[in-house]
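Notes follow once the structure below has been shown.
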Amino acid sequence: MGTFARSAMTTVYTKGVKPVIFKMHPDKVHDDMITHGSWAQRIRPAMAAAEALLKHDDPALVTEAYDLTLRNPLGLAAGLDKNVAIPGILQMTGFGLLTFGSVTSRVCDGNPRPWFHRLPQDESLVVHVGLANGGVERVATRLVELREQGNPRYMALPFKMSIARTNDGHTGDVAEGVDDYVRSVQALDGLSELIELNISCPNTMVGEAFTGPEALDQLLTAVDDAAPAQPIVLKMPSDKTWEQFRDLVDVALDHRVAGLTISNLRKDRDSVTMDPAIKGNLSGRPVRELSTEIVRRTYLHAGDRLTIAGLGGVFDGSHAYDKICAGATLVELVSGLIFRGPAVVGTIAKELVELAQADGFARVQDAVGSRADLPVATD
Ligand SMILES: Cc1cc2nc3c(=O)[nH]c(=O)nc-3n(C[C@H](O)[C@H](O)[C@H](O)COP(=O)(O)O)c2cc1C
C-alpha cells in the first residue's frame, strides 16, 4: 500500500503540482507552504492518514544515534521551517528526525528579498535568506506550548534545534558572536533532543566567523560552560580544503561535540549555469559528491568519536546510501523534498533497505562506513 501510495503521490507531484508551483516565485511558494501548512496540520486525522500512506517502516531502518532510537536514519535538514511553524506537516512525510531553525538570539529580518532562485536543470536552489527568523525567545515559547499541549501528532518525532549567529547590523567581534550563540543555547536548554550550531551559513554580513579553529574553540568552550542538557552538533561548511576542514574537526573533538552535520550550502558555482548577478549559495546536486567526500574523510579521521549526518543533493536511495557507506549514520535533506515531492522520504527509506540488504547487511546502520576506503569522484 505504501509503495503504491508513494508512487501515485510522486506522479501527482511531478506531473501536476511541480509544473504549477515551479512557475511561481520560490519565495511565494515557501511563504504559502508555511501559511497553508500551519492550518492544514490542524486536520489531524488527515495528517495521520497521510503519514500512514507516505512513511516506510522496517526494523532494518531503525537507527541508534545520539542515544536516540530513530525509526529511520533520514532527517529533515535545517532551513525549511525556521520557526517551528509546520511540525505536523513535516512529520507526515516519514522522517526519523526533524531539524527546525536556524534561529538566532535576536529577531532577524534576513537579507533583502528575493531569497530563493531555482536552477531546475542543476536540481539546485540558490538560497540567500540570511537567517530570517522570529528569534529564539519566540521559538522557545512555541516549543513549550507544543509540549504543554501534549500533542503527539505535532511533536512525536525527535528533533534538533539549529542555532545561528544573528545576521544584523549589531553584529560585533568574535566575543559578541560567542555571546549571541550562548544566549540561544541557554534559551533552548532542554527544549529539543539535540542542538545544532550552524557555524557555516554562507549568506551573512560578517561571513562565517566561526569556521576558523581559534574562533570555533572560543565558541565551543563557552558552549561547554553553558552545559545545555542536549548533545551539541555542528553544521559544517562545504567550501573548505580538507586540511582546513580537518582542523575544525580536531577542535570539535576537543569539546563536548557529539556529531557533525556535513555540509551546508555550497558557494562554488563552477558546476552550474546561472546569472552571476543572482545572490546566494547552492543546495541540491552541486553539494552531493562534495559533501559525500567530506563525510568519508571525516569518518576515516574521527571514526566513531563523532556521529556524522551527511546531506547535500539526496534525491533517491542511492544518494543516501552513498553517504551512509562513506560514514554517515544519518542522512538529511531539504532540496529532495522540493524537487521530488513529499513521497521522497518513504521512497528513499525503502530503497535504503533494498540497497543495504543487497550488500549483505541486515540493517541499514550496519553499512555505515563500509566504503570509506573508496574516494568519491567530485567535480
Ligand atoms: C530553503 C533552504 C533554507 C536553508 N536554510 C538553512 C538554515 O537556516 N540553516 C542551515 O544550517 N542550513 C540551511 N540550509 C542548508 C540546508 O540545511 C542543507 O545544508 C543544504 O541545502 C544541502 O542539502 P540539500 O541538498 O538536501 O538541500 C537551507 C537550505 C535551503 C534549501
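Index from 1, following the sequence. Order of listing sets the numbers, starting from 1, for every ligand and every atom in it.
- Short contacts between ligand 1 and S263, defined as distances under 4.0 Å to a heavy atom of the residue, involve ligand atoms 19 (O).
- The shortest N or O to N or O distance between I338 and ligand 1 is not under 3.5 Å.
- Residue-environment remark: CG (D32) exceeds the threshold of 12 foreign heavy atoms within 6.0 Å.
- Contact analysis puts F116 in contact with ligand 1, with a non-hydrogen atom separation below 4.0 angstrom.
- Using a 4.5 Å cut-off between side-chain heavy atoms of Ile, Leu, Val, Met, Phe, Trp and Tyr, with links allowed through other members, V107 and I34 fall into different hydrophobic clusters.
- Taking every heavy atom of S335 and a limit of under 4.0 angstrom, the matching atoms of ligand 1 come to 24 (P), 25 (O), 26 (O), 27 (O).
- Shortest contact from atom 14 (N) of ligand 1 to any protein heavy atom: A78 O, 3.4 Å.
- With ligand atoms numbered from 1 in the order given, ligand 1 contributes 17 (O) to contacts under 4.0 Å with heavy atoms of A77.
- Exactly one of V136, V139, L194, V185 qualifies for a side chain to side chain contact (heavy atoms under 4.5 Å, CB included) with M161. That residue is V139.
- The single protein non-hydrogen atom nearest to atom 12 (N) of ligand 1 is K235 NZ, 3.0 Å, given as residue, atom name and distance.
- With atom 18 (C) of ligand 1 as the reference point, the heavy atom nearest to it among L125, V334, L311 is part of L311.
- Ion pairing between R246 and E243 fails under the 4.0 Å rule for side-chain N and carboxylate O.
- Counting protein heavy atoms only, atom 7 (C) of ligand 1 is closest to S102 OG, 3.5 Å.
- Proximity of V314 to ligand 1 is not established, as no heavy-atom distance is less than 4.0 Å.
- Between K235 and E332 there is no salt bridge, since no side-chain N of the basic residue sits under 4.0 Å from a carboxylate O of the acidic one.
- Of all the atoms in ligand 1, the ones that sit under 4.0 Å from a non-hydrogen atom of G312 are 22 (C), 23 (O), 25 (O).
- The existence of a salt bridge linking E351 and R6 is excluded, since no basic side-chain nitrogen approaches an acidic carboxylate oxygen closer than 4.0 Å.
- Look at R340 and E123 and you find a salt bridge, because one of the NZ, NE, NH1 or NH2 atoms lies within 4.0 Å of a carboxylate O, short of that distance.
- Considering V314, L352, L61 in turn, L352 is the only one that fulfils the side chain to side chain contact (heavy atoms under 4.5 Å, CB included) rule with L74.
- Shortest contact from atom 4 (C) of ligand 1 to any protein heavy atom: G79 CA, 3.4 Å.
- Not close to ligand 1: S291, with no non-hydrogen atom less than 4.0 angstrom away.
- Side-chain contact between N111 and N167 is present, with heavy atoms from C-beta onward closer than 4.5 Å.
- A salt bridge between D58 and K350 is absent, with no side-chain N of the basic residue lying under 4.0 Å from a carboxylate O of the acidic one.
- Nearest residue to atom 30 (C) of ligand 1 from V126, T104, V127 is V127 (criterion: closest heavy atom).
- Checking G336, S238, G313 against atom 25 (O) of ligand 1, the nearest heavy atom belongs to G313.
- Between K267 and E208, at least one side-chain N (NZ, or NE/NH1/NH2) sits under 4.0 Å from a carboxylate O, which counts as a salt bridge.
- Ligand 1 has no nitrogen or oxygen under 3.5 angstrom from a nitrogen or oxygen of L333.
- Across the listed options L80, N264, V331, N264 owns the non-hydrogen atom lying nearest to atom 15 (C) of ligand 1.
- Which parts of ligand 1 touch N198 is read off a 4.0 Å heavy-atom cut-off, strictly below it: atoms 9 (N), 10 (C), 11 (O).
- Using a 4.0 Å cut-off between charged nitrogen and carboxylate oxygen, R266 and E289 do not count as a salt-bridge pair.
- Near K82, the atoms of ligand 1 lying under 4.0 angstrom from a non-hydrogen atom of the residue are 5 (N), 6 (C), 7 (C), 8 (O).
- The closest protein non-hydrogen atom to atom 21 (O) of ligand 1 is S283 CB, 3.3 Å.
- At least one heavy atom of L265 sits closer than 4.0 Å to an atom of ligand 1.
- Heavy-atom contacts from other residues, nucleotides or ligands closer than 6.0 Å to CZ of R138 number 12 or fewer.
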